[in-house]
Amino acid sequence: MKNSDFLFFLVKAAMKEEKVKGHEMLHRQFSLMLKLAAEQTVRGLFLKTILTPQNNVTLSRPDFISAVSIYNNVTEGNRHVRQRLAELCCLLQDNDVCFFVVKGPTIAAIYFDPDTRDVGDIDFFVREKDFEKAVRIIKDEWNITFDDAERDALHLAFTYKDVHFEMHHRLMKFASARNQKAFDAIIAGCSTSYRKIGQHDVPVLPPAEEVVYTFIHLYHHFIELGIGMRHLCDLTVLLEHLPADADVHEKIERYIFSLGMTKAFKAFEALCVRKLGLKAEGLPVAINDDDSKWTESIVKVMFKRGNFGMYARNTVIRSGIKYYVEELFLKSSQAVRFYRLSPREAKAIILKEIPSKIIPGLKQILQRR
């Protein structure tokens with residue numbers, strides 16, 4: 001079994017509480033799999049499987065101590081993030097700010113064991129009418145000093161009690177103007193749902209919109225830099241928890257079609273079916289054998305680049321001309337390689353976005369000479 005398949009197997013077992021056949025995991029194998037799990041941002045799920053007593057996975061004493069320590073850090077990190085999420089919800093709800101939270105702890109909440117999802121940041125979207133109000137409230141109540149340089153086309157970032165927050169005024173930026181208009185309309189027209197996390201009703205996107213946004217976010221990063229297995233796990237649990245409601249399924253299919261990404265969505269559905277045990281029956285967009293043909297190509301990119309493309313780069317620091325040039329090359333090559341999955345967006349990336357970034361980049365290079 002390939003290392004990538006073995007990691008998928010162990011992660012799937014944790015997600016579904018499946019028992020695995022016990023065996024002795026030698027230090028070399030443990031170190032390699034832990035490294036892969038870190039690159040794919042699924043350490044919690046990987047360690048959950050090998051530390052579950054019923055699975056009878058034998059580790060050396062030093063490896064066992066290391067596994068327990070890392071696993072405890074993941075679970076404690078989740079509890080810390082949930083506490084900060086609760087503070088955010090209380091602060092904004094008490095001040096009548098219209099917002100909802102996406103990704104992160106809101107998806108972790110529907111995992112079989114929420115503490116096993118590797119910790120990330122907290123992303124939340126604030127409606128335009130309340131955005132500056134939210135900035136002012138967070139600044140005053142949490143004593144946050146905002147740096148305008150941190151405000152980009154999508155969000156304003158800040159850190160509070162060691163947790164990174166991204167406050168979005170736009171959830172996604174597309175290369176295609178048509179896609180941008182369609183997606184913005186989806187978000188503008190949706191209502192707010194709620195998910196119980198601890199003692200709090202946390203505002204989230206409705207089921208159809210949550211699935212579509214989570215996929216679009218995953219696919220955007222896949223084309224741009226790379227994704228980790230955690231992205232697939234998130235999509236899988238959302239699809240597993242999707243209501244058996246024809247209207248919800250029809251919405252998802254319609255939204256995905258409006259964005260010209262039906263083939264892309266089906267390819268990732270098929271990947272979740274083949275690698276993470278998602279049931280093919282009852283998916284919002286039906287798949288067939290042709291959709292599975294993309295699976296190994298996608299997995300190859302995932303394990304080459306790792307989460308957010310952090311592990312297949314010549315430039316370590318995410319700034320400067322070298323990073324900028326490498327990022328443009330990676331994104332353009334990915335857009336070409338997977339062009340058939342989303343032709344409209346890929347074409348806009350190749351003919352519009354990349355050229356629009358090359359000229360400013362060349363100007364920076366010339367200015368430094």
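We're numbering straight along the sequence, starting at 1.
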Side chain to side chain donor-acceptor pair (under 3.5 Å) for Y111 and D234? Distances and angles first, verdict last. CA-CA 8 Å; Y111 273 56; D234 286 354; 2.6 Å; yes
Please lay out, stage by stage, how I137 and L91 fare under the test side-chain contact (heavy atoms from CB on, under 4.5 Å). CA-CA 8 Å; I137 291 167; L91 178 64; 3.6 Å; yes
Test salt bridge (charged side-chain N to carboxylate O under 4.0 Å, His left out) on K103 and E210; report intermediate values, then the result. CA-CA 9 Å; K103 305 181 296 175; E210 186 174 31; over 6 Å; no
Please evaluate residues E132 and R136 with respect to the criterion salt bridge (charged side-chain N to carboxylate O under 4.0 Å, His left out), reporting the C-alpha separation (whole Å), side-chain torsions for both, the decisive distance (0.1 Å), and the verdict. CA-CA 6 Å; E132 295 305 327; R136 185 175 65 254; over 6 Å; no
Check the pair K279 / E240 against salt bridge (charged side-chain N to carboxylate O under 4.0 Å, His left out), numbers first and verdict last. CA-CA 8 Å; K279 292 182 179 179; E240 287 177 336; over 6 Å; no
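Atom SG of residue C233 and atom CG of residue L238 lie 11.5 Å apart, to the nearest 0.5 angstrom. Atom NZ of K293 and atom CG of N288 lie 8.5 Å apart (nearest 0.5 Å).
Side-chain contact, D289 with S292: no donor N or O sits under 3.5 Å from an acceptor N or O. Side chain to side chain, N307 and T41 meet the donor-acceptor criterion of an N or O pair below 3.5 Å. For the residue pair E209 / Y255, a side-chain donor-acceptor distance below 3.5 Å is found, with atom types taken as modelled. Side-chain N/O atoms of N179 and R344 include a donor and acceptor closer than 3.5 Å.
A perpendicular orientation is assigned to the rings of H217 and H221, their planes being inclined by more than 60° (bins at 30° and 60°). Below 30°, between 30° and 60°, or above 60°: for F174 and F183 the angle between ring planes is between 30° and 60°, a tilted geometry. Under the 30°/60° scheme for interplanar angles, the aromatic rings of F131 and H169 are found to stand perpendicular.
Side chain of T116 to main chain of D113: a donor-acceptor pair is present (N/O by atom type, distance under 3.5 Å, no hydrogens or angles). The backbone N or O of L278 sits nowhere less than 3.5 Å from a side-chain atom of T236 that would complete a donor-acceptor pair. In this structure a side-chain-to-backbone donor-acceptor pair under 3.5 Å is missing from S31 to R28. Distance alone, capped at 3.5 Å, places no donor-acceptor pair between the D291 side chain and the A270 backbone.
By the 4.5 Å heavy-atom criterion applied to side chains, K12 and L45 are not counted as neighbours. In this structure the side chain of Q40 never reaches within 4.5 angstrom of the side chain of K35, judged on heavy atoms. Proximity of L205 to C190: side-chain heavy atoms (C-beta onward) are separated by under 4.5 Å at one or more points. At least one side-chain heavy atom of T214 sits less than 4.5 Å from a side-chain heavy atom of I107.
Other residues, nucleotides and ligands place more than 12 heavy atoms under 6.0 Å from the OH atom of Y160. Within 6.0 Å of NZ in K133 there are more than 12 heavy atoms belonging to other residues, nucleotides or ligands. Within 6.0 Å of atom CG in N143, 12 or fewer heavy atoms from other residues, nucleotides or ligands are found, so the atom counts as exposed in its surroundings. At most 12 non-hydrogen atoms from other residues, nucleotides or ligands lie less than 6.0 angstrom from CZ of R178. By the neighbour-count criterion of 12 heavy atoms within 6.0 Å, atom NZ of K196 is densely surrounded, having more than that number from other residues, nucleotides or ligands. Residue D140 places its CG atom among more than 12 non-hydrogen atoms of other residues, nucleotides or ligands, all under 6.0 Å distant.
Ring-centre distance between F158 and F146: below the 6.0 Å cut-off. A centroid separation of 6.0 Å or more is found between the aromatic rings of F265 and Y219.
Under the 4.0 Å criterion applied to side-chain N and carboxylate O atoms, D118 and R43 are assigned as salt-bridge partners. Ion pairing of R305 with E224 is absent here, as no side-chain N (NZ or NE/NH1/NH2) approaches a carboxylate O to less than 4.0 Å. Salt-bridge check for K266 with D290: failed, with every basic side-chain N at 4.0 Å or more from each acidic carboxylate O. For the pair E87 and R82, the salt-bridge criterion is not met [side-chain N within less than 4.0 Å of a carboxylate O].
Applying the side-chain hydrogen bond (donor to acceptor under 3.5 Å, both in side chains) test to pairs two or more places apart or on separate chains, those with a residue in residues 119-130 are D123-H168.
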